[in-house]
Trainee: 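Sharing a structure with you now.
Note on naming: letters A, B, ... go to the chains in the order of the sequence lines (proteins, then strands), and numbering restarts at 1 for each one.
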Amino acid sequence: MSLAAAPAAISANELSEPIDLGTLTLAPDAQYVQLSNGMDVVIIPDRRAPIVTHMVWYRVGSADEPPGKSGIAHYLEHLMFKGTENHPGDMFSTTIARLGGRENAFTSNDYTAYFQQVAKEQLPTMMRFEADRMKGLVLSEEVSAPELNVVLEERRQRVETRPGAELAEALDAALFTNHPYGDPVIGWPHEVAALTYQDALDFYRDHYRPKNAILVVAGDVDVAEITALAEEIYGSIPDEGAAPVRERPPIMPIRAKRTVELTDERVREPYTQESWLVPSYTTAEDGVAEAIDLLAEVLGGGNTSRLYTKLVREEGIATSAGAYYQSTAFDDTRFVAYAVPQDGVALQDLEARIAEVIGEIATDGITELELRRAKTNTLSAAVFAQDSQSTMARMFGAGLTTGSTVEDIQNWPAGIAAVTEEDVQEAAKALLAGQPSVTARLLAPATAE
Amino acid sequence: MKMLFAAVFAVALSFGSAQAIDIEKVVSPGGVTAWLVSDDTVPLVAVDIAFERAGSIQDPEGKAGLVNLLASTIDEGAGDLDSVGFQTALKDNAVRLSFDGSRDHLYGNIRTVSTSVEEGFDLLRLALTDPRYDAEAVERIRRQIVSGLRREENDPNAIVGKLWSRTVFPDHPYGTPSNGTEETVSSVTPEDLRAAHDNLIARDNLYVAVVGAIDAETLAPLLDRAFGDLPAKATLKSVPDVQPAMGLTVRQEVSTPQTAIRFGGPGLEREDEDFIPAFVMNHILGGSAFSSWLFEEVREKRGLAYSVYSYMAPFEHAAVYGGGTATRNDQADQAIEVILAQLNRMATDGPTEEQLADAKAYLTGSYALRFGTSGSIARQLLFLQMEELGMEYIEERNGLIEAVTLDDVRRAASRIFGNGQPTVAIAGGVSG
């Protein structure tokens, strides 16, 4: 006997309709304030659990490094755990651990961020330590030299044991011409090996200051209380300098078609990846980045996308295929389409099909149903993101360090909702179809030509 | 309307710094039990489920990777919906559904926006009670798994994990890679998957945890809708308990600049009275992210590695401790020596009072962080049910850690490290 009532909300094989998620605002309660010394603050209340995520973001990443010093932003991030005059050695980390907190840090092309997650009563302590670390770092040869070896081991673990990661470095170098996005965040090995703690301190003094920093607090907090506390603790750090200017050479769009190939005996599964230079949320005209987001979803987001449907399901020439848009960047960024060949299929054939599938969107556009599906799926990600205070903190931190405002991020769902079929078609036409790209191929010796 | 559900048992539990959590035990009219934390602050619902002992240990001889393939194919079409139809229904209703086979258990979870909860449970029901395992879908997903296996073939970290497992468990399912090999995965047929599905997925090995914008009254009938048609009993093959082999050293040469290292041996079962002391001890040895002995000696002082760690893993059929690191080829022997010296130091000297106090402070203070998101709360609720720890464990757990003494830690350490060397697996290039 069946216990299930089964009034099937999901019935036969008729295609269902994408639900309308309505008008969404990301973190509607988020507040932005600027402290008296020019430091930015974002507070994102989430009072479900008595926990807070405390992050300080610096508007500096590997793309802001001086020539010849690749990896210095990331090496400095490691050295930031070596202690200050007021809190020598690992006193900060020890304190966090004794309070039952978690911590870590990360570096990207455009930003460097430090975070702790603690019980809400400990937030002022975290703020005092982190504020002290903005100016008080003390380094020595003794603590810095082993850390350089740690970074080189990190590089071996992340890059040198993985042919795919080595190919990605070559691809970046080819795609971002005349621009530091072409250099790896972790740095080129010979330059990393030559870095000194003095280099790190120079970089630190140039970039770590209130006007170049953003405090993001997410969790069980009262906005007024934290604003006052932030003014007291972070606002009192003097910063007489001018507002920082991030000047990088322009990325040169070059007309030539470029191909990078890595043939490596360790490769057992080849793949191909097509990359285009496209605007980011920061550099795009209004609405364009949102259209690219949805183009990525329609073209290659998951296993009902056009690329997956055609190359994997229908034609069986690829074992997987998709596309993505790396939307958050201070300068222009990349749009990527990729495919992994079924045994015996040439990478060139996949590349040709990828170009054709993109060409179809550029020529014929997408359907109204496809667009609504893409919107529902993209916007539901925004709903799910709100379950995690650290995800929200990261979203706002990454947005603000790359040039977005709090309102931009809050209203991102509205921007997605406003995209039309024509916008998506235009993005495919203007940015991808027939536009110069970089092809990256990972090859096993046997399949090399 | 009257109470639709048979029983609700609710407790408010507090832990950490005045944090409280209200857990309800919901029993549906059909007898399906779920633990629920109802909170509509965020408009979503997280459901975590598990089928106990239905993990990769159930893979038939010669078909390693079957459960992993099953977990990846279960959402590839069910009932009248083929793969595209099912995947589209998920997306259109803003439902995320995924399954994951671990060594011991088969896990599943759904995340829905609050307006799609019914649809989420219906799609879960379809996948669990009427999955299709169409030949096309099985072949497509199989090929993607094989692709992943090939990618791991020359990756020292993946190689060393498998090498260690098969050395420590030579004649046991734990020694077999849970994702299988290209050969074993290729031998699995859609019929194998259907048969396994019928055997592994039932009401008597099901656990359910629900967190988010749903109340007990709404949840109860949905539990019957999703799980009521499952078979009453799972048919599971019995798996013997096993002792991990100690004291062996095995090497595999890989063309790579960095050598990956794994070490480990017999640990303690969760029921063992020294398990909590061992858990605290492990935090000091290599569990802590930035202050463990291994971190200090391997990374901070010597710069030998980016990551170094240790763990305690009480599996269903074996208790294990283990750990790992990766270092430049010519430093591999040195790294192993440094690690073994720390295990020995733990067995002979043990930690200081201060180190123990710090570890206890961290482990008790950070417990609340495990309850920070709907998803993480659901995972905790599922874990407490499966380990039969009871809801009260949330309140008791920190007390158990507080009670650990230096003698307890030393005793646990000497039981784990004092009876011989760990088995060490090394995968890397030739040094020099």
Trainee: With a 4.5 Å heavy-atom cut-off (strictly below), which parts of residues 355-363 of chain B touch chain A? List them by number.
Mentor: D358(B), A361(B), Y362(B)
Trainee: R47(A): which residues meet the side chain to side chain donor-acceptor pair (under 3.5 Å) condition with it, sequence neighbours left out?
Mentor: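 For R47(A), the residues satisfying side chain to side chain donor-acceptor pair (under 3.5 Å) (neighbours in sequence not counted) are D220(A).
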Trainee: With sequence neighbours excluded, what pairs up with E139(B) under the side chain to side chain donor-acceptor pair (under 3.5 Å) test?
Mentor: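 Partners of E139(B) by the side chain to side chain donor-acceptor pair (under 3.5 Å) criterion, ordered by chain and then number, come out as R142(B).
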Trainee: To the nearest 0.5 Å, what is the distance between CG (D92(B)) and CZ (R372(A))?
Mentor: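 With rounding to 0.5 Å, CG (D92(B)) is 8.5 Å from CZ (R372(A)).
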Trainee: Side chain from CB out, backbone as N, CA, C, O: work out which of these in T391(A) comes under 4.5 Å of a heavy atom of chain B, or both, or neither.
Mentor: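 Neither the backbone nor the side chain of T391(A) comes within 4.5 Å of chain B.
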Trainee: Side chain, backbone, both or neither: which part of A145(A) has an atom under 4.5 Å from a heavy atom of chain B?
Mentor: neither
Trainee: Atom OG1 in T129(B), atom CZ in R225(B): separation rounded to 0.5 Å?
Mentor: 12.0 Å
Trainee: Not counting sequence neighbours, which residues clear side chain to side chain donor-acceptor pair (under 3.5 Å) with Q258(B)? List them please.
Mentor: E153(A)
Trainee: Can you tell which part of E152(B) gets under 4.5 Å to a heavy atom of chain A, answering side chain, backbone, both or neither?
Mentor: neither
Trainee: Ignoring hydrogens and angles, state whether a donor on the side chain of E103(A) or S93(A) is under 3.5 Å from an acceptor on the partner side chain.
Mentor: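 Side chains of E103(A) and S93(A): pair found under 3.5 Å.
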Trainee: Salt bridge check, D343(A) against R150(B): does any charged N sit closer than 4.0 Å to a carboxylate O?
Mentor: yes
Trainee: Tell me which of these, G375(B), S366(B), A305(B), S147(B), has more heavy-atom pairs under 4.5 Å with chain A than the rest.
Mentor: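 Among G375(B), S366(B), A305(B), S147(B), the one with the most close pairs to chain A is S147(B).
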Trainee: Need one label for Q122(A): side chain, backbone, both or neither, based on atoms under 4.5 Å from any heavy atom in chain B.
Mentor: neither
Trainee: How long is the straight-line distance from CG of L126(B) back to CD of E119(B), given to the nearest 0.5 Å?
Mentor: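 With rounding to 0.5 Å, CD (E119(B)) is 12.0 Å from CG (L126(B)).
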